[in-house]
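What follows is a short report on a single structure.
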Amino acid sequence: MQPAAKAEELAARLKGRDFLGLVDYSSEEIRYLIDLAIELKRKLKAGEVYQPLKGKSLGMIFEKSSTRTRVSFEVGMYQLGGQALFLSRNDIQMGRGETIRDTAMTLSRYLDGIIIRTFGHRNVVELARSATVPVINALSDQSHPCQALADYQTILEKKGRLEGLKVAYIGDGNNMLHSLMIGASKLGIHFASASPEGYEPDAEQVKLARDFARESGSRIVILRDPREAIEGADVVYTDVWASMGFEEEQKERERAFQNYQVNEQLVQYAKPDFLFMHCLPAHRGEEVTEGVIDGPHSVIFDEAENRLHAQKAIMAAIM
């Protein structure tokens, strides 16, 4: 937790900002949001009413469906005193050919903030560029920063620290890997991933992470062997092998990832007190065995709950 004067400075710095990725936030700013999320969680559990967004409205553009993202943002906005409007492709003209720019400029006249869950990251960037209110990336093909923020909140709560820990990610080099890796590089967390050939993380994202890691002291390692990646890990993380939009590749990906299942044999190489994490939804018996995801090391539902608190912190800070 930062000193009061520093916290005030950071709070002032975040007002009106977009939240498109952890890459745009300093380590101090990320840690401020994590600490705020923990404080808002404490307030909620204690029954304290905290409504800094009373009278404000959030537009929620969903081009991809979700359980956790929709419910956590909608409930979170309500708890902060505001209201949230769910906008699917069928509810707005953006799904019928209106430009993102025109949609952004119009919605900015009605709303105090916009979230978007979409396929192409360029849609997030274009929306933010044209909107005059803060825009939050609720998921794109490049990054999933809200989930990563909730993940690092969960790790801090469970481990009592972040700096110097090791996170091992096993599986597809997707948006989830990118956001976890960038977050780790900013927070001084060592990060190792293992993916099969052809499914590695984006090279530009790896370069960015390694540049940040030089400042924070963390190590970013991209490997092929899952056993090597998981060796001595404090946190073991995986995701589905075929994310939304890649369903037609399911069978091909099952073959490619067959040696990348997080199972009881593999996690023996992690630390004895490792945490198992998954952003959900999970395909039990595919990327992870039931014995691991439902076992004593799993914190997947604490992690899912923290989406609510982390996103409340983002909205309260920037809106």
Distance col, row R31:CZ vs L187:CG, nearest 0.5 angstrom, shows 8.0 Å

Report task. Answer yes or no: is there a donor N or O on one side and an acceptor on the other, between the side chain of S185 and the main chain of I182, under 3.5 Å? Result -> yes

Item to complete: Apply side-chain hydrogen bond (donor to acceptor under 3.5 Å, both in side chains) to the pair E303 and Y237, showing each step before the final yes or no.
Response: CA-CA 11 Å; E303 180 186 2; Y237 204 114; 3.2 Å; yes

Practice task
State whether R17 and D24 are salt-bridged, where the test is any N-O pair (Lys NZ or Arg NE/NH1/NH2 against Asp/Glu carboxylate O) under 4.0 Å.
Solution key: no

Please evaluate residues L111 and L85 with respect to the criterion side-chain contact (heavy atoms from CB on, under 4.5 Å), reporting the C-alpha separation (whole Å), side-chain torsions for both, the decisive distance (0.1 Å), and the verdict.
CA-CA 9 Å; L111 302 167; L85 306 172; 3.9 Å; yes

*Does the side chain of Q268 pick up a donor-acceptor pair with the side chain of E264 at under 3.5 Å?*
no

- Message: Between V135 and I115, is the side-chain contact (heavy atoms from CB on, under 4.5 Å) condition met? List the steps.
- Response: CA-CA 6 Å; V135 171; I115 73 162; over 6 Å; no

Query raised in the report: Between Y152 and N306, is any side-chain donor less than 3.5 angstrom from a side-chain acceptor?
Result: no

Nearest heavy-atom approach of L53 to M77 is CD1-SD, 3.8 Å

- Check: L20 main-chain N/O paired with D18 side-chain donor or acceptor under 3.5 Å: no

Subject >> Sidechain-backbone polar pair: S140 side chain, G120 backbone, donor-acceptor under 3.5 Å >> reply: no

Ignoring hydrogens and geometry beyond distance, is a side-chain donor-acceptor pair present between S72 and Q311 at under 3.5 Å? yes

*Could you check E286 against V240 for side-chain contact (heavy atoms from CB on, under 4.5 Å), going step by step and ending with a plain yes or no?*
CA-CA 8 Å; E286 191 171 295; V240 293; 5.6 Å; no

| query | If you draw a 6.0 Å radius around OH in Y110, do more than 12 non-hydrogen atoms from other residues or ligands fall strictly inside? | reply | no

- State whether the number of non-hydrogen atoms from other residues, nucleotides or ligands found under 6.0 Å of R210 atom CZ is greater than 12. yes

Check: Where the side chain of S179 meets the backbone of H144, is there a donor-acceptor pair that is under 3.5 Å apart?
Finding: yes

Q. When you look at CZ of R101, are more than 12 heavy atoms from neighbouring residues, nucleotides or ligands closer to it than 6.0 Å?
A. no

Please work out whether the ring planes of F257 and Y260 are parallel, tilted or perpendicular, with thresholds of 30° and 60°.
-> perpendicular

CG of L266 to CZ of R227, rounded to nearest 0.5 Å, is 9.5 Å

Any donor-acceptor N or O pair under 3.5 Å, side chains Q153, E157:
yes

Check your understanding: Are S143 and N137 close enough that a side-chain donor and a side-chain acceptor fall under 3.5 Å?
Key -> yes

Margin query: Does either side chain, that of D151 or that of T154, offer a donor lying less than 3.5 Å from an acceptor on the other one?
Written below: no

How about K43: does its NZ atom have over 12 heavy atoms from other parts shown lying under 6.0 Å from it? yes

Review point. Is it true that R122 and E126 have a side-chain N and a carboxylate O under 4.0 angstrom from each other?
Key: no

Here the gap from S66 atom OG to F73 atom CZ, rounded to the nearest 0.5 Å, amounts to 9.5 Å

**OP:** Could you verify whether a donor N or O on one side chain and an acceptor N or O on the other, from S57 and Q83, lie under 3.5 Å apart?
**Re:** yes

Exercise. Can you list the steps and then say if Y50 with Q79 is a side-chain contact (heavy atoms from CB on, under 4.5 Å)?
Worked result: CA-CA 7 Å; Y50 179 70; Q79 291 177 356; over 6 Å; no

**Message:** Ring centres under 6.0 Å, that's the criterion: do F19 and Y25 meet it?
**Reply:** yes

Would you say the rings of F274 and H297 are close, in the sense that their centroids are separated by under 6.0 Å? yes

- Can R284 and E290 be counted as an ion pair, charged N to O under 4.0 angstrom? no

Salt-bridge criterion met for R224 and E197 (N-O under 4.0 Å): no

With sequence neighbours left out, the residues meeting side chain to side chain contact (heavy atoms under 4.5 Å, CB included) with K207 are E204, D211

In terms of heavy-atom contacts, A229 and A194 come closest through CB-CB, 3.8 Å

Do the side chain of E29 and the main chain of S26 share a donor and acceptor less than 3.5 angstrom apart?
yes

Sorted by chain and residue number, the side-chain hydrogen bond (donor to acceptor under 3.5 Å, both in side chains) partners of N259 (sequence neighbours excluded) come out as none

> Does K166 pair with D234 as a salt bridge, N-O distance under 4.0 Å?
Replying inline: no

